[in-house]
Each structure stands twice: as C-alpha cells, then as structure tokens.
Colleague: 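I'd like to ask some things about the structure below.
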Protein chains: 2
Amino acid sequence: MHQGRSTNSHRHPGGGPRTTRPEDGRRNNLSLVLQSLYDEPQLSRADLARRTGLTRVTISDLVAELIADALVAETGTTAGSRPGKPATMLSVRADTRDIVALDLSAPRLLTGGVYSLRGDQRHAAQRDLGTATGEDAYAAVADLAAQLIAAADNPVLGVGVGTPGTVDRQGSVIAAPNLAWHNLALQQRLATQLDLPVHVENDANAAVLAERAFAAGPDNLIRVQISRGVGAGLLIAGSVVTGTSAAAGEIGHVVIDYAGTPCPCGKNGCLETWLSVPSLRERMAADPDRADEALAEAGRRLGIALSPVVGMLDLNDIVLGGPADLVDGPLLAAAQEVVTDRTHSDFRGEVRLRLSSLGSDAVLLGAVALVRRIQLGVS
Amino acid sequence: MHQGRSTNSHRHPGGGPRTTRPEDGRRNNLSLVLQSLYDEPQLSRADLARRTGLTRVTISDLVAELIADALVAETGTTAGSRPGKPATMLSVRADTRDIVALDLSAPRLLTGGVYSLRGDQRHAAQRDLGTATGEDAYAAVADLAAQLIAAADNPVLGVGVGTPGTVDRQGSVIAAPNLAWHNLALQQRLATQLDLPVHVENDANAAVLAERAFAAGPDNLIRVQISRGVGAGLLIAGSVVTGTSAAAGEIGHVVIDYAGTPCPCGKNGCLETWLSVPSLRERMAADPDRADEALAEAGRRLGIALSPVVGMLDLNDIVLGGPADLVDGPLLAAAQEVVTDRTHSDFRGEVRLRLSSLGSDAVLLGAVALVRRIQLGVS
DNA sequence: GCATGTTTGTTAGTAAACCTTACGAACATT
DNA sequence: AATGTTCGTAAGGTTTACTAACAAACATGC
C-alpha cells in the first residue's frame, strides 16, 4: 500500500497548499523507516525506534506493513554477545519491485531499462527515433515504456522519464525543440496509457538526482553535462532547483565574454560556444597539436561560469558528465584550478570537481531515483 | 497552544530525520489555515474547507483552536445575496501577539524593536555597543532583548535575531569577526535566559525573508546588501539557502577580475573591492566629476557577478539594499543593463532589479518574519 | 543451577486527529 | 408556504501513535 500515492498526488496537483492528514503522517513515517534501512542495513526494530524517535510499538507496526508489502525482510538475529533478547535484523528487499526508466536526451535514439530499487539494470532496450518528432516521438516513447513494463519480472513501481527541454511540476514538457514538443502532457498521458505512476523530469535534473542516489553525492551539488550543448542540474539541500520558469541549470547560455562568438540564442560569448562537444571536437581537429590547450581553455571558461554560482550557493561538489576523453584531463584540471582560485575562503571548504562515475547511464539512473523518491520517499 | 513548538524543536535539534506524529499534522493544518487567512482575509470556514481540502468539520475544529488562542476572530457575516445561510467571516488578529526583533549588523550599534505580527513597529530601542565585543556584546544583546520584552504590550511570540557572520542551524554563531564571536550558542543562551523561543539567522538571510514576507517578494529571490561589505541572501522555492558551510550569499568575495585590486580575503578582484560603501565613497570623493561613472562601473561589476547565478537558478527578481543615494541611480541602471544583456532568453522571463522598499528596517523585519514563520508557520 | 537484570518485540488500552453522516439554522427562489 | 442551497455543528467511527505492561531470550553473579 505504500506506493499507492495516486490519491495523494491527485490532492496536490500543483504543489499548492499542503494539508496533512493522518495517513500522510503514516506515509512519511513509513518512508523514514525505509530510508533508515537504505542508509544502514541490518537494523533491528529497536534500533529504528532509537533513530527515528518513534516507539518500538509503532516501529513494529510500520515494519509489519513494509514486510507485508515485501519491501523489507527479516534477516536473522544478532549473535548474542550482549545481555537481553537477540535482535531480529531487518533489511530492504531491493528485488521485489522494478522501476522502468526512459532517457530521451540522446539525439534520434530512445534508451530505456528495467531497474531494481538499488539501480541494478535488469533489462535494457533502445528504439531508433530517426527523424520522428511530435506525436510520432510520443508514440515511440509510450511503446518503449510498454515493452519494458512487459519485460519486468516484478511489479513495476512506476515509470521515470528524463527528457530534454523544460518540464513543469505536473510533468508536462513545456518546450523540447529537438522533439518538437510544446506543452505536451507527457506524465498525464503516459500514466493514463500505461496505468502506472509516471514521473517526468528534465534530463540534467534527473542526472543530478542520480549522482546523489547512486554515487554517494552530497545534498548540495551541481552536475554539468557536456554534450551537444551544456546543461546543469542543481541540487540544493537535497532538492532539485527548477527555477521560476523551469529553466534552472541553463549554464550553457551564461555569457562569459561579451566579445565572444555569437550563439544561436542571440547573445555573444555563451559558455556553450566554447564547451559543447561539437565545438570542442572542431577546435581539436583544426589544430591537433594544441588540442590540450583547447580543452584547458574550455575548462577555464567553465570555471569562470561556475565560480560565482559556487561562491553564492556555498557548495563544495561539482560533477561533470560527458565523453571522458574530452572531460577527464586538461579540461577538468583547468576548471578545477580556476574554481579553486576564485572561491577559496577561510569560511568554507574546498570545492572539488570530478568526473561522473555513472557514465552514460546517469539520466536513466536519475529516472530510477526520481520514481523511488516519489513513490517510496527514499532518496 | 499553537506557538508551543518547544517540544517539537527539541525533537529535531539538527534537522535530522523527521518523524510525523499526529500533533505535527495538526500543527501543519493550523498553519495552513492561518496562512490562508493571511493571504486572503475575510474567508468563511466553508471557504477554508474548499481551499485546503479539509472538511468543514475539521476546519471548524481548527478555527476554534485559533480563536481560543486569539489569533483569529469572527468579523461579521456576509450580506445575503446568495441562497443559503450567510457565512461568518474570519480574519487574522495581528494585534494579540508581539515579536521582538534584534539587528546586530550595524557597526557599534544594536537596534531592536517590538513588532506586531503584520510587521508594524510598536516600540523601538537602540544600544550603543562602543568597542564591546565577545561576552560584553552578548550581554548587551541579552539586555536589549529583555528591555524590549518588558516593553511589549502583548504576549511575546518569540525573539528573532539577525546577526552578521555565519549561523548554523541551531542558531549558534560560528564566526562573526566584528563582534569577536566564535561558536557562540546565541539562540540557546538567549532562549534560556529570556525563557522564550529565540531564532537566530544571518542578517542577509533575514533581510531576504523580509522582502518576501513584507514587500510581496516572490519565492525565488536574491537580495544584495551594500554596506561596509557586500552580502546577499538567497531564497529558492521559498526557503533560505544556507549552503554547505553556512556561507551562502558571499557575493562580496566572488572574483570579477583576476587583475583587480587585492582584497583582505587574499584573492584579487573581489566584487567587494568595487562595490562596498567605503570604496564607492572614496572613488566618488577622489573624482567628483566622474562620480556617476564610478557608480555605473560598480553596477556593471555587480551585474557580472549576478548574471551567472541568475542564469543558473532561473530567478527573475533581485532586490538591492543599501544607501539610496548610492544604489538607486547609475549603479542600479548599469547592473540592470548587464544582467538583462547576459541572461535574456526566450525560455524565461525578464530579470528585474529594484531597490528595497524596506529601508534600514530590512533585517529587523526579517527577524520578525523568521519568528512568525517558525512559530506560526506563516510566511 | 538459579535468581537477577537487560534487551527485544508484542499485546492491550488510551488519546489525538480527521473522516463520514446527519441535522438545524438561515437564506433565496418558486 | 414549500423547496432548495449553504453554513456551521453534533455524533460516531477509523486511523495513528502513544503509554503501560508483559513474555521471550539472553548474560551475569551467587
């Protein structure tokens, strides 16, 4: 019953005023127990009571519900080296639910997978989009989702979608130029068609969620993706920053240099004119002997764009995603150097930049994290 | 009983795992009713039920508690132009509680006041600090607070403090150089000494809360204060951004130009070297004929520092605080121009910079907003 | 060996919070 | 005057988490 949030989501369609009913408190406490067991497996009911502040009686009741839902299992008792009755250990069962994840961010290609609650991939599938856009692209997405749902071995907790473009709180794609989508109610349509909970998020936002959920990222984190363009996902206090117009993270069109190259967006000297994969490859091919210098120059520009943000938000971790042969070398080193020089202060820790360890699965894993977080309250 | 959050705060000392008990849900719903009445006075119980999704029965119960606490009053019935029984209108009573606010941000001076729940000042008091620091400064703060509490005409809901320096979640001042405070448990000591709820926040963070609560500011907002130094408070999705080391908003030490003037912080070309009040006055006095150009130059630098942040966070509102003769003119215009040029995009609204309408009371009103928000859940 | 103390998890009963159902009061309309 | 609508309240039920008490299972001390 824990995942039955449909009534609740229905009550809060627009993130408006939030009432709390007894059942909402119950769900919160169920999530809390589950989160505690994710953070530290092999806890007893008494341990959970001590950590959460709830009584052992209440914990027993909550755990019983989780066991009935097959989300938690008893895993033996402690070897008795202490006085008192041995404790029965509890652990999360990650193998009783599946999550279907879709990544729409690649050009001309849909990627999808079936994942366990821990982010292990069970099945994978792709679909060539060709030049399909608009309604045809939607049909392909829905079809791929249905195929993956059919392939799942366990009950599907929900479907997560990471898409390029701007996404509002209802999961509608406001604008995604590559797919020619405008105000497409992706979440609602998929949920109706698939009869499952569906959650849609911008690809960069999904990716930063993945860094936190599956790569031990902290609560304050920026993840920059270097692909055809440059985009970022921001996590502040564990929450994704969406911004006033759902356009947060648009670091690609931050102006670095008034006198820089014109950008299709109309401004001059946007970060993207230095840092996108096509522009980098072009510069490296044009002068192979100075390829490293081109990468370092791009890294410095990235550092210049990031430093004010890092300084203002006081965050210490930046993760870069993109082709490792481009990102993990002079580019990363130069960006790190600039950011360190410009943000160093006695009042705060050092800022670390690193390459993402999630490879090309970041968006898919982010979709998994999104579903897990909303359906189970676990992040 | 609504303000009796002491037990609750005691349960959550470090913002750790949050359990939900029935009483927590009740408090949430009481806050929701109160917030609705703040947003729109003259609502009936039935109106509240429709807006919150709670039943009329529950709303009646909640309202009865608020009336018993003298936080809400019935204010007549609707003129009957509709069928059905006329509705009894409800409104917030802002005159039954006082809030004591303290501003420690001015050099050598403590400012304080007694305020209504709506932010109307009832009493004011100041205290000259002279060169007092450390324990002497604390004693003066506690003394001023006690004096204001004694002057209050209504029960005091709590004491809010806006202080320079970094403040952690427990209200301890980690470091405030001007006052020579290090790890001073300000909130805890004042609460014990005054026997009232006390809430401490960084001055810039308090000020941005005030813009939202008392100057109709939006949920995403940056407020930049130009004084001896330059600091900012950030509001994202209605929450204050504190950062990993409680050092968010340090825009004064964002590096604008590597080759710039050395800054006491050790870096070169920090924003503060152009934009602080002392440095501005100095430049204007040095060449009075080009005073406007000095202001415009500072404004451009501010725009350069703000643009990446605004672009990344996708926020549309920036409020400037500081001496109007410096801020409200060429400086503001130049900053507006740079920010507009660098952040304009089809995907988002225009960014507006404006001078704060709160004058020198911003921090005090922020302390009021802080107490009101934590004690009553109203913002 | 056996009593004692400790820790775990459960049972029984209670208080709080919100819900559904039902009803009287007060109004406009027919 | 009868009917329908809206408002607020009353009564009773369900859910949730609490306190108190207890049995089970262990280590320790005599």
Colleague: Once you round it to whole Å, what is the distance between P of D:dG8 and CG of B:L43?
Modeller: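 Between P of D:dG8 and CG of B:L43: 11 Å.
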Colleague: Starting from P on C:dA17, measure out to CG on B:L66 and report it in whole angstrom.
Modeller: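 Taking CG of B:L66 and P of C:dA17, I get 13 Å after rounding.
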Colleague: Rounded to whole angstroms, how far apart are CE on B:M89 and P on D:dG8?
Modeller: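 Between P of D:dG8 and CE of B:M89: 8 Å.
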Colleague: Below 4.0 angstrom from OP1 or OP2 of C:dG9, is there any side-chain N or O of A:S44?
Modeller: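 Answer is yes, contact under 4.0 Å.
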Colleague: Using only side-chain N and O atoms of A:R56, determine if any of them is under 4.0 Å from OP1 or OP2 of D:dA21.
Modeller: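 It does not, given that no N or O in the side chain of A:R56 lies less than 4.0 Å from OP1 or OP2 of D:dA21.
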Colleague: From the list C:dG9, D:dC7, C:dT8, which nucleotide is the closest neighbour of the side chain of B:T88?
Modeller: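 Closest nucleotide among those given: D:dC7.
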Colleague: May I have the distance from A:I59 (atom CD1) to C:dT10 (atom C1'), rounded to whole angstrom?
Modeller: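 Roughly 14 Å, once rounded to whole Å.
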Colleague: Identify the two heavy atoms, one from A:T52 and one from A:S36, that lie closest to each other, and give their separation to 0.1 Å.
Modeller: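 Heavy atoms of A:T52 and A:S36 come nearest at CG2-OG, 4.2 Å.
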Colleague: Separation of B:D24 atom CG from D:dC18 atom C1', in whole Å?
Modeller: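 Computing the B:D24:CG to D:dC18:C1' distance gives 13 Å.
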Colleague: Looking at B:T55, does any N or O in its side chain come under 4.0 Å of the phosphate oxygens OP1/OP2 on C:dT20?
Modeller: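 For B:T55, the contact criterion (side-chain N or O under 4.0 Å from OP1 or OP2 of C:dT20) is not met.
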Colleague: Between P on D:dT16 and CG on A:L54, what's the gap in Å once rounded to a whole number?
Modeller: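 So the CG-P distance, A:L54 to D:dT16, works out to 13 Å.
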Colleague: Would you indicate, yes or no, if D:dT9 has its OP1 or OP2 atom less than 4.0 angstrom from a side-chain nitrogen or oxygen of B:S60?
Modeller: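 For B:S60, the contact criterion (side-chain N or O under 4.0 Å from OP1 or OP2 of D:dT9) is met.
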Colleague: Under a 3.5 Å threshold, yes or no: a donor from one side chain and an acceptor from the other, between B:S172 and B:Q187?
Modeller: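 The criterion, which ignores hydrogens and geometry beyond distance, is not satisfied for B:Q187 and B:S172.
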Colleague: Answer yes when A:E65 and A:R27 have at least one side-chain N-carboxylate O distance shorter than 4.0 Å, and no when they do not.
Modeller: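 So A:E65 does not pair with A:R27 through a salt bridge.
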Colleague: Return whichever of A:E74 or A:G84 has its heavy-atom-nearest nucleotide of DNA chain C closer to the 5' end.
Modeller: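 In this pair, the answer is A:G84.
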Colleague: Take the protein atom NZ of A:K85 and the nucleotide atom C1' of D:dA25, then report the distance between them rounded to whole Å.
Modeller: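 Going from A:K85 (NZ) to D:dA25 (C1'), I get 7 Å.
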Colleague: Go through the structure and list residues passing side-chain contact (heavy atoms from CB on, under 4.5 Å) with A:P155, not counting sequence neighbours.
Modeller: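 Applying side-chain contact (heavy atoms from CB on, under 4.5 Å) to A:P155 gives A:R97.
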Colleague: Both A:N29 and B:P83 contact DNA chain D. Taking the nearest nucleotide for each, which residue is further toward the 5' end?
Modeller: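 Upstream on the strand: B:P83.
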Colleague: Nearest to the side chain of A:R21, heavy atoms from C-beta on, is which of C:dA17, D:dG8, C:dC19?
Modeller: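 The nucleotide sitting nearest to the side chain is C:dC19.
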Colleague: So for B:R45 and D:dG8, does any side-chain atom that can act as donor or acceptor lie under 3.5 Å from a complementary atom in the base?
Modeller: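 No.
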Colleague: Calculate the interatomic distance between B:L62 atom CG and C:dA17 atom C1'; express it in whole Å.
Modeller: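 Between C1' of C:dA17 and CG of B:L62: 9 Å.
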Colleague: Quick check for you: among D:dC7, C:dC19, C:dT10, whose closest atom lies nearest to any side-chain atom of B:T58?
Modeller: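 For B:T58, the side-chain atoms sit closest to C:dC19.
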Colleague: Please say whether more than 12 non-hydrogen atoms of neighbouring residues, nucleotides or ligands are located less than 6.0 Å from CD in B:Q188.
Modeller: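 For B:Q188, atom CD is not crowded (no more than 12 foreign heavy atoms under 6.0 Å).
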Colleague: Check every atom of C:dT10, D:dA10, D:dT16 against the side chain of A:R26 and return the nucleotide holding the closest atom.
Modeller: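 Ranking C:dT10, D:dA10, D:dT16 by closest atom to the A:R26 side chain puts D:dT16 first.
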Colleague: Tell me which of B:G25 and A:A87 sits closer to the 5' end of DNA chain C, going by the nucleotide each one is nearest to.
Modeller: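 Closest to the 5' end, via its nearest nucleotide, is A:A87.
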